[in-house]
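What follows is a short report on a single structure.
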Amino acid sequence: MGTDLDLAAEKLAAGELVAIPTETVYGLAANGLDPLAVAKIYAVKNRPQFNPLILHFANLAQIEKLGLHFPPKALALARVFSPGPLTYVIPANENIPDIVTAGTGAVAVRIPNHALTLQLLERLPFPLAAPSANISGSVSPTSAQHVEAQLKDKIAYILDGGPSEVGLESTILSFLHNEPQLLRYGGISIEQIESVIGEVKKPDGGFVDNPVAPGQLARHYATRHPLELGDAAALISAAHNRDPIPRIASISLNRSFDALPSAYQFQLSPEGKLDEAASRLFAAMRQADDMDIDLIIADRFPDEGLGIAINDRLSRAATL
Ligand code: TXA
Ligand code: MG
């Protein structure tokens with residue numbers, strides 16, 4: 001673990017895995033044009049084979065150099081939000097290995113907004129394929145320490161870029177059809193996107209659980225302890241009527257609950273700011289999970305802006 005860009009670049013060029021910081025979550029990176037290197041990602045993560053990966057680039061020029069094309073609406077968004085937490089699904093070509101696209105004929109690309117990782121990407125002659133740097137199904141890592149705890153012995157290096165500022169994975173939009181289609185709620189809100197390109201197609205029923213973005217399995221983002229999502233005050237009093245009474249940790253925007261000791265309450269943003277809450281969500285889920293408890297109760301967040309993405313992650317963790 002450290003900040004040695006030369007070492008990180010050397011390991012990646014040799015086909016090894018390096019964890020990289022991004023503004024959303026830490027990524028488990030490999031040379032995205034080397035199928036053998038990419039295969040190691042799947043092995044280390046225990047990831048289902050059918051799940052395609054995002055390719056990370058330093059800039060649009062690198063994307064175009066591979067012969068990939070952004071349709072006009074994607075370009076309009078890229079001018080505003082890239083580098084940033086937005087991923088574009090566009091048609092792939094013969095330069096992109098099947099193991100990256102999972103044979104879908106489409107590739108997901110992103111320009112992450114993290115100074116250290118942008119420097120790394122600028123000097124590499126290939127993009128980095130990178131899913132979140134966690135074992136499949138568990139909470140995504142937002143610090144180098146989170147990565148180290150799960151993957152230390154299995155990867156060549158961890159590039160330490162401090163805590164991830166956004167803390168939620170990127171928003172994913174597909175540009176494969178005429179109308180852009182939302183595949184995953186994430187770090188850029190749908191309101192921000194629609195202010196630039198007008199209405200995008202959203203999945204029926206509010207939450208994405210779409211086989212087109214296969215990583216959107218319901219059990220993604222799981223905590224080890226069961227998690228309940230809803231009106232936390234009501235859920236806590238219902239739980240306190242059970243026998244035996246479960247030990248509970250709570251997660252909320254800024255509500256506190258008289259029925260729980262304060263040490264067991266995670267208020268993600270005392271001032272009620274959803275971006276601050278998003279940046280703290282995964283770390284709080286981990287900390288709560290590590291406590292001596294039986295149950296995590298999460299208070300439903302406001303269904304607007306990043307609150308939608310936060311509720312999406314929490315509802316996945318609750319689906320177990
Ligand atoms: O913020 C992020 O996006 C982080 C950082 C590391 O960049 N990465 C991340 O990767 O969340 P991952 O692998 O955990 O999630 C990627 C999602 C999956 O749901 C996957 O199915 C979808 O992107 N995806 C990737 N390629 C796709 C494609 N060609 N078509 C449709 N969905 C795709
Ligand atoms: Mg993930």
Side-chain angles (χ1 to χ4, degrees), residues 17-30 32 38 41-42 44-57 68 81-93 96-114 117-118 120-121 127-142 146-147 150-151 159 161 164-177 180-188 203 207-222 278-279 281-282 309 312-313 316-317:
L17 301 187
V18 171
I20 56 166
T22 85
E23 82 282 27
T24 60
V25 300
Y26 273 67
L28 180 59
V38 175
I41 294 176
Y42 288 86
V44 164
K45 275 187 69 94
N46 278 328
R47 180 175 247 229
Q49 202 67 25
F50 50 78
N51 212 344
L53 297 170
I54 298 173
L55 287 185
H56 297 73
F57 295 84
L68 300 173
F81 298 122
S82 292
L86 184 57
T87 295
Y88 311 80
V89 174
I90 57 176
N93 64 20
I96 313 301
D98 282 341
I99 192 165
V100 169
T101 65
T104 57
V107 62
V109 302
R110 178 164 110 79
I111 303 173
N113 189 17
H114 191 288
T117 290
L118 284 171
L120 175 65
L121 288 166
L128 291 176
S132 50
N134 53 281
I135 305 289
S136 271
S138 68
V139 178
S140 296
T142 52
H146 293 165
V147 180
Q150 272 197 345
L151 300 180
L159 194 59
S164 297
E165 270 177 21
V166 175
L168 276 183
E169 295 87 347
S170 58
T171 303
I172 304 180
L173 281 179
S174 166
F175 296 90
L176 297 180
H177 308 286
Q181 193 182 355
L182 179 71
L183 299 184
R184 179 174 76 184
Y185 289 101
I188 299 274
F207 294 120
V208 185
D209 212 340
N210 188 336
V212 179
Q216 299 297 90
L217 297 174
R219 64 159 268 120
H220 233 74
Y221 308 101
S279 72
L281 175 67
F282 290 151
D312 172 75
R313 303 303 187 271
R316 285 171 203 288

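All ligand and atom numbering here is 1-based and tracks the order in the structure. Side chains included, hydrogens not; waters and symmetry mates left out as well; all remaining heavy atoms used. Residues: numbered from 1 along the sequence shown.
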### Query
Short list, please: which atoms of ligand 1 are under 4.0 Å from a heavy atom of N51?
20 (C), 21 (O)
### Task
Check whether any side-chain heavy atom of N134 sits under 4.5 Å from a side-chain heavy atom of V139, and report yes or no.
no
## Note on the structure
The atoms of ligand 1 lying under 4.0 Å from a heavy atom of T104, numbered in the order shown, are 29 (N)
### Query
Which of the numbered atoms in ligand 1 are below 4.0 angstrom from a heavy atom of V89?
30 (N)
### Task
May I ask whether S132 places a heavy atom under 4.0 Å from ligand 1?
yes
#### Entry: Numbered atoms and elements of ligand 1 in range of A106, under 4.0 angstrom, heavy atoms
29 (N)
### Query
Nearest to atom 11 (O) of ligand 1 by heavy atom, R184, H114, H56: which?
R184
### Message
Between Y42 and I99 (side chain of the first, backbone of the second, donor and acceptor by atom type, cut-off under 3.5 Å), is there such a pair?
### Response
yes
### Message
Before you tell me yes or no, could you show the steps for H114 and S164 under side-chain contact (heavy atoms from CB on, under 4.5 Å), namely the whole-Å CA-CA distance, both residues' side-chain angles and the distance that decides it to 0.1 Å?
### Response
CA-CA 9 Å; H114 191 288; S164 297; over 6 Å; no
### Message
Assess the residue pair Y88 and S82 against the criterion (side-chain contact (heavy atoms from CB on, under 4.5 Å)); give the C-alpha distance rounded to whole Å, side-chain angles, the decisive distance to 0.1 Å, and a yes or no.
### Response
CA-CA 10 Å; Y88 311 80; S82 292; 2.7 Å; yes
### Query
If you measure from atom 8 (N) of ligand 1 to every heavy atom of P112, A130, G105, G27, which option wins on shortest distance?
A130
## Note on the structure
Counting from 1 in the order shown, the ligand 1 atoms closer than 4.0 Å to a non-hydrogen atom of I172 are 17 (C), 22 (C), 23 (O)
### Task
Could you tell me whether some N/O pair between R110 and ligand 1 is separated by less than 3.5 angstrom?
yes
### Task
Flag S132 as yes if one of its N/O/S atoms falls below 2.8 Å of the Mg ion (ligand 2), otherwise no.
yes
### T87 side chain vs A108 backbone, donor-acceptor pair below 3.5 Å
no
#### Entry: Option among V147, V25, T24, T22 that satisfies the side-chain contact (heavy atoms from CB on, under 4.5 Å) test with S132
V25
### Query
Can you list the residues that meet the salt bridge (Lys or Arg N to Asp or Glu O under 4.0 Å) rule with E165, with sequence neighbours excluded?
none
### side-chain contact (heavy atoms from CB on, under 4.5 Å) evaluation trace for R110 with L55
CA-CA 6 Å; R110 178 164 110 79; L55 287 185; over 6 Å; no
### Task
Looking only at distances, please establish whether an N/O atom of ligand 1 is found under 3.5 Å from an N/O atom of T24.
yes
### Task
Could you check which of P52, A19, G186 puts a non-hydrogen atom nearest to atom 26 (N) of ligand 1?
P52
